[in-house]
Amino acid sequence: MAHELFVACLGTRPVFVEMTLSTADHRIRITARGPVELPVRCSHGPGLAIIRAFSTTNGTTSDGCAVWAELVIGNSALEEAR
C-alpha cells in the first residue's frame, strides 16, 4: 500500500516524496506527500483499487499535496501477534 501511495505522488515528478507512518491505538496511517498539488489522475489512478482493498479509509489532504490510507487492526489481530 505504501508503494501505491508513493507512486501516486511520482506523477507530478517531484524533487522529493515524504513518507510518514503514524500510529494511534489500533490505527496505522500511511501518508505520501509531495511538494505540489496532485492532479486527479494521480490521486485517483489505478493504484486506488489496491489502496481501497487493503485500507479502512483513504483520501487526500486538504491542500491536495498528499494521499493517505488508514488501517485498523482489531484486538484479536494484536493478541495473535503477541
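The figures that follow rest on heavy atoms only: side chains count, while hydrogens, waters and symmetry mates do not.
The main-chain N or O of V72 is found under 3.5 Å from a side-chain atom of T56 such that the two form a donor-acceptor pair.
Atom-to-atom distance recorded for I73:CD1 and H26:NE2 is 9.0 Å, nearest 0.5 angstrom. For the atom pair D63 CG and E37 CD, the distance stands at 7.5 Å (nearest 0.5 Å). One distance of note links CG of L38 with CG of L10; it measures 10.0 Å at 0.5 Å rounding. Rounded to the nearest 0.5 angstrom, S55 OG and I50 CD1 are separated by 11.5 Å. Distance OG1/T31 to CD/E18: 9.0 Å, rounded to 0.5 Å. Between atom CH2 of residue W68 and atom CD1 of residue I30 there is a gap of 12.0 Å, rounded to the nearest 0.5 Å.
Hydrophobic clustering (side-chain heavy atoms under 4.5 Å, transitive across Ile, Leu, Val, Met, Phe, Trp, Tyr) keeps V36 apart from V15. Linking Ile, Leu, Val, Met, Phe, Trp and Tyr residues whenever their side-chain heavy atoms come within less than 4.5 Å places L21 and V67 in a single cluster.
Between M19 and A32 the shortest heavy-atom distance is SD-CB, 3.5 Å. Nearest heavy atom pair, residue C9 against residue P14, reads O-CD, 3.4 Å. Between I51 and A69, the shortest heavy-atom contact is CG2-CB, 3.8 Å.
Taking the charged nitrogens against the carboxylate oxygens, R29 and E70 do have a contact shorter than 4.0 Å, which makes a salt bridge.
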Exercise for the section: Evaluate the criterion side chain to side chain contact (heavy atoms under 4.5 Å, CB included) for residue pair L71 and R27; output intermediate values, then yes/no. Expected result: CA-CA 6 Å; L71 303 110; R27 295 173 300 180; over 6 Å; no
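Inter-residue side-chain proximity for I28 and S22 is flagged as unmet; no heavy-atom pair is nearer than 4.5 Å.
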